[in-house]
Amino acid sequence: MEESVSIVIPVYEEEESLPLLYKSIKDVMEGLGRGYEIIFVDDGSKDRTLSVLEEIQKKDGNVVVISFRRNFGQTAAMAAGFEYANNDIIVTMDADLQNDPNDIPTLLEKIKGYDVVSGWRKDRKDKFISRRLPSMAANWLISMVTGVALHDYGCTLKAYRKEVIKNVKLYGEMHRFIPALASWVGASITEAETTHHPRKFGRSKYGIGRTVRVVLDLITVKFLQSFSTRPIQAFGPGGLVLGLAGFLISLYLSFEKIFLGQDIGGRPLLFLGVLFMILGLQLVVMGLLGEMLARVYHESQGKPIFTVKKILGR
Ligand code: UDP
Ligand code: MG
């Protein structure tokens, strides 16, 4: 028996694309002859998206529609889809026909030896300055910082094994970091080239501001990866160095004042010494607070600080 597939699609105001998208996914999936479901998550659209989806769902038992009360964003929509997905493999794709359902069989073939297959829009059909250029920079930065090198983090068309995705918690706009998050819990990852089409209907939901949000989310993700179970190690070293430097500066000034009788009230160095000491203390205390938070997080929820693949002899 081939593994069954859940296709998760975040939808925000894409009324024109949906009938075409649905038909083309259905054709591809029926051709494969695997068990499948299509989960549309309507992210609080104000156009006719929901009624179009209701029409589709009425006629097809393989279709599930989740409708949000308001617009929560693409990450939340995808997380909802994961929550309700029942099948072995989860495929995510955009609703705007920019991803091509004909690539789904390629992803399903490739995932046989892996936990995650990431789509790569090699010939991407978006504007260069506002889209492809920032995306190239983002992919380079994300690959470098997370240590998981991919050509196209931003491509929604990806496939995941269910066990992997159920271990990944999403916040903010972190859907694009799923491969990195998955890799950190031990998943194996590969890429597959996918086709990309220009947007036919409606307009993109994002502007250039997305770049800033991606960078901020990247900082969060990196911090959590490196230090979530040992925050004092992130803040402590800087705190100690600054504190020590501040202390030495103050010691030197005290020496001049007490033994050489010099005025130190107007010396810029005095401010620097005081600043360093306060900053140093604050960083160390922040690290200690982080240590307490880490314990509250893990112990109150019974969350282990590791992930187990299997246990032998039990
Ligand atoms: N989307 C969503 N909620 C949002 C914004 C976007 O569910 O708040 C969906 C949108 O309908 C599309 C996908 O996320 O299916 C990607 O959005 P878009 O095509 O606008 O992004 P782009 O391709 O321009 O990067
Ligand atoms: Mg798009």
Side-chain angles (χ1 to χ4, degrees), residues 6-25 38-53 56 63-85 90-101 103-104 118-139 142 150-159 170-179 194-215 217:
S6 295
I7 300 167
V8 169
I9 308 175
V11 193
Y12 183 55
E13 309 196 336
E14 313 278 6
E15 53 183 11
E16 301 101 323
S17 310
L18 289 170
L20 287 169
L21 176 73
Y22 163 68
K23 185 173 177 322
S24 118
I25 294 177
I38 311 175
I39 304 181
F40 289 102
V41 186
D42 168 32
D43 186 11
S45 308
K46 290 182 197 71
D47 64 354
R48 296 191 55 256
T49 291
L50 186 56
S51 51
V52 174
L53 288 176
I56 295 173
V63 172
V64 178
V65 176
I66 299 167
S67 168
F68 280 179
R69 284 190 187 278
R70 66 165 172 83
N71 180 244
F72 284 94
Q74 190 181 347
T75 298
M78 291 172 67
F82 297 154
E83 183 85 28
Y84 288 92
I90 298 177
V91 172
T92 54
M93 65 188 297
D94 281 347
D96 56 358
L97 296 167
Q98 289 202 269
N99 293 140
D100 195 325
D103 288 323
I104 294 176
S118 178
W120 170 18
R121 303 164 287 183
K122 203 167 183 185
D123 184 18
R124 189 171 166 187
K125 300 289 193 302
D126 280 321
K127 287 198 195 105
F128 184 75
I129 294 289
S130 63
R131 284 300 155 99
R132 280 166 33 222
L133 193 66
S135 158
M136 274 154 61
N139 284 313
I142 298 173
L150 291 180
H151 289 97
D152 197 357
Y153 270 92
C155 179
T156 310
L157 185 54
K158 292 180 164 49
L170 299 177
Y171 295 89
E173 304 211 20
M174 292 186 184
H175 62 270
R176 71 186 57 247
F177 298 118
I178 301 176
T194 58
T195 346
H196 194 239
H197 303 289
R199 204 181 231 282
K200 274 206 206 75
F201 307 104
R203 50 179 194 83
S204 172
K205 311 300 181 288
Y206 300 103
I208 191 86
R210 167 160 69 183
T211 320
V212 179
R213 298 200 296 272
V214 167
V215 169
D217 279 348

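Indexing begins at 1, ligand by ligand and atom by atom, following the structure's order. These numbers were taken from a predicted model, which means no experiment stands behind them.
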Distance to 0.1 Å, residue and atom name: give those for the protein heavy atom nearest to [atom].
atom: atom 14 (O) of ligand 1; value: Q74 CD, 3.2 Å
atom: atom 10 (C) of ligand 1; value: E14 OE2, 3.2 Å
atom: atom 23 (O) of ligand 1; value: Q98 OE1, 3.0 Å
atom: atom 16 (C) of ligand 1; value: D94 OD1, 3.4 Å
atom: atom 22 (P) of ligand 1; value: R131 NH1, 3.6 Å

Relative to ligand 1, is [X] under 4.0 angstrom through side chain, backbone, both or neither, heavy atoms considered?
X: E13; answer: neither
X: K125; answer: neither
X: N71; answer: side chain
X: D43; answer: side chain

Okay, side chain of [X], backbone of [Y]: is any donor-acceptor separation there less than 3.5 Å?
X: D126; Y: R131; result: no
X: N71; Y: D43; result: yes
X: S6; Y: A85; result: no
X: D217; Y: E173; result: yes
X: K200; Y: S17; result: no

So which of F68, F40, Y12, F72 gets nearest to atom 2 (C) of ligand 1, if we judge by its closest heavy atom?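 Among F68, F40, Y12, F72, the closest heavy atom to atom 2 (C) of ligand 1 belongs to Y12.
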Report yes or no: is the cationic atom of R210 (NZ for Lys, CZ for Arg) closer than 6.0 Å to the six-membered ring centre of Y206, at no more than 45° off its axis?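 Yes, cation above the ring, under 6.0 Å and within 45°.
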Proximal ligand 1 atoms for [X], defined as those under 4.0 Å from one of its heavy atoms:
X: V11; value: 7 (O), 11 (O)
X: D96; value: 19 (O), 23 (O)
X: R210; value: 25 (O)
X: K205; value: 5 (C), 6 (C), 20 (O)

Distance-only donor-acceptor check, side chains [X] and [Y], under 3.5 Å:
X: S118; Y: K158; answer: yes
X: N99; Y: H196; answer: no
X: T49; Y: D42; answer: no

Would you say [X] has any N or O atom under 3.5 Å from an N or O of ligand 1, going by distance alone?
X: Y206; value: no
X: P10; value: yes
X: R203; value: no

For D96, what is the atom name of its N, O or S atom nearest to the Mg ion (ligand 2)?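 Checking each N, O and S atom of D96, the shortest distance to the Mg ion (ligand 2) belongs to OD2.
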Is any NZ, NE, NH1 or NH2 atom of the basic residue among E14 and R199 found under 4.0 Å from an Asp or Glu carboxylate oxygen of the other?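 Salt bridge between E14 and R199, a charged N being under 4.0 Å from a carboxylate O: yes.
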Identify whether the distance between the nearest side-chain nitrogen and carboxylate oxygen of D123 and R121 falls below 4.0 Å.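 Judged by the 4.0 Å cut-off on N to carboxylate O distance, D123 and R121 do not form a salt bridge.
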Looking only at heavy atoms of R199, does any of them come nearer than 4.0 Å to an atom of ligand 1?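 Judged by the 4.0 Å heavy-atom criterion, R199 does count as contacting ligand 1.
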Can you classify the ring geometry of H151 versus W120 as parallel (below 30°), tilted (30 to 60°) or perpendicular (above 60°)?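 Correct class here is parallel.
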Counting backbone and side-chain atoms alike, is an N, O or S atom of T156 positioned under 2.8 Å from the Mg ion (ligand 2)?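 Checking T156: none of its N, O or S atoms is under 2.8 Å.
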